[in-house]
Amino acid sequence: MSKETPLWEVFVRPRNGLSHKHCGSLHAADEVMALQAARDTYTRRGEGLSIWVVPSKSIFASDPDQTAENFDPSVDKVYRHPTFYDIPDEVGHM
Amino acid sequence: MYSQGLIGADGATEETEEFLAAFQARIDREEKIEPNDPMPEGYRKTLVRQIGQHAHSEIVGMLPEGNWITRAPSLRRKAALLAKVQDEGGHGLYLYSAAETLGVTREQMTEELLSGKAKYSSIFNYPTPTWADMGTIGWLVDGAAIMNQIPLCRCSYGPYARAMIRVCKEESFHQRQGYELLISLCNGTKEQKEMAQDSINRWWWPSLMMFGPHDAESSHSEQSMKWKIKRFSNDELRQKFIDATIPQAEYLGLTVPDPDLKWNPEKNNGKGGYDHGEINWDEFWQVVKGHGQMNRDRIKARKKAWNDGEWVRDAALAHAEKRAARKTQQAAE
Ligand SMILES: [Fe+2]
Ligand SMILES: [Fe+2]
């Protein structure tokens, strides 16, 4: 087998006003070919107006084993949510 | 298309009881498992095998239809067939990338397909001698694949489920264009209608085999159901397919080649359904083991494509390296 062709992550903006969203990955030698392949692979039916490709090796992910340490602290901080605060009905919508 | 009941995955796993129980609890809560999450080795291996087989099936599945693109009888049909075959290529790519999230490389998977180690759906080892086969494949083969794939959209492994959602959105056109093609033939000359009937006679049983062995013989099904990789058994899906398809055949004025096919009002908890004749499992296993009519041709075609493409892949990489080097040099100047 020959050398491995680099892996890219593909992000597509479905339409203006929305952010680019991850939709999959593909292999390509460089960013020019990655963009062409992304267009053919992920936007055959009007799925997007803009594409980003990012080398997969440039993505650093949080460790799933640390999910609890990372994200549990945000669960018990109810005072970060608007419904924690009592505003009298007379004040109206706030 | 084109998944098939999984052929021979080993779900054996060696983790501690606690680990397995915690994993099962996540599955039971309908939590999706994502790429770097801890997972039993058997779960990972089953998925690598299943997604790999599925991806290979999409890619090999381009061959029987690709062979008719230049001979399509009208521009409308040619455009449809071309778009369908291109979709199948896309499906293969979505699925390969889903498998790659489990730590297997594209090159490894390609190597396993070319060496015969990895399987693909048995259906693509049948020949496509007539134009009617383009209709029958869309209607029956893509139809069977859709039946298999819809529950896979809820598979417990996130990347596989997401790939299947994309695939399913695209499959409906495949089935409809095939059925429409058959309607044209059935409204045409006597010879055209006969060609359609002959095609169904050849594809009916192989399509039923796409769902894989009977539940009793399907050794790894139970574990896959427990892990929610699979949501329905092979026989349940096959039955749904038959019940959905027979009225469509009747509309065409065509029959399926099963003298034992009979409406059974008791079936499906009293909703009724069709009893069908015995499936020739010897034929199925022969084809799976590589002795179908087209197995050798299909692998030969894939090897040729891979080998002929080697200089292109190498040249693209060399060009990319050259461009990168030039950029670094310019930055230094
Ligand atoms: Fe497909
Ligand atoms: Fe398809």
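The analysis underlying the following values was restricted to heavy atoms, covering all of them including side chains, and did not include hydrogens, waters or symmetry mates. Lettering follows sequence order; numbering is per chain, from 1.
- The pair A/E4-B/R106 does not count as a salt bridge, with every side-chain nitrogen at least 4.0 angstrom from each carboxylate oxygen.
- Environment of CD in B/E17: sparse, with no more than 12 heavy atoms of neighbouring residues, nucleotides or ligands closer than 6.0 Å.
- A 6.0 Å sphere centred on NZ of B/K32 holds more than 12 heavy atoms belonging to other residues, nucleotides or ligands.
- For CZ of B/R29, the number of neighbouring non-hydrogen atoms (other residues, nucleotides, ligands) closer than 6.0 Å is greater than 12.
- For B/E30, the CD atom counts as densely surrounded, since its 6.0 Å shell holds more than 12 non-hydrogen atoms of other residues, nucleotides or ligands.
- Between B/R166 and A/Y42, the closest heavy-atom pair is NH2-O, 3.2 Å.
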Chi angles and distances behind the salt bridge (charged side-chain N to carboxylate O under 4.0 Å, His left out) call for A/E47, B/K169:
CA-CA 12 Å; A/E47 291 93 335; B/K169 275 189 196 159; over 6 Å; no

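- Sparse packing is recorded around CZ of B/R176, with 12 or fewer heavy atoms of other residues, nucleotides or ligands lying under 6.0 Å away.
- Of the listed residues A/S25, A/A37, A/A61, the one with more heavy-atom pairs under 4.5 angstrom with chain B than any other is A/S25.
- Of the atoms belonging to B/E34, not a single heavy atom falls under 4.5 Å from chain A.
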Would you please test A/L26 and B/Y96 for side chain to side chain contact (heavy atoms under 4.5 Å, CB included) and show each step?
CA-CA 9 Å; A/L26 51 79; B/Y96 281 130; over 6 Å; no

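- More than 12 non-hydrogen atoms from other residues, nucleotides or ligands lie less than 6.0 angstrom from NZ of A/K77.
- Between A/D40 and B/Q86, the shortest heavy-atom contact is O-NE2, 4.4 Å.
- Shown here is B/R296, whose CZ atom has no more than 12 heavy atoms of other residues, nucleotides or ligands within 6.0 Å.
- The closest side-chain heavy-atom distance from B/E321 to A/D30 is not below 4.5 Å.
- With a 4.5 Å cut-off on side-chain heavy atoms, B/D87 and A/R45 count as touching.
- Residues A/T5 and B/E107 come closest through the heavy atom pair N-OE2, 3.4 Å.
- A/D63 does not touch chain B: none of its heavy atoms, backbone or side chain, sits under 4.5 Å away.
- Looking only at side-chain heavy atoms (C-beta outward), A/P6 and B/L317 come within less than 4.5 Å of each other.
- In this structure, A/A29 and B/A320 approach most closely via the heavy-atom pair O-CB, 3.5 Å.
- In this structure, the separation between NE2 on A/H27 and CD on B/E100 is 3.0 Å, given to the nearest 0.5 Å.
- Across every non-hydrogen atom of B/A316 and A/M33, the tightest pair is CB-SD, 3.8 Å.
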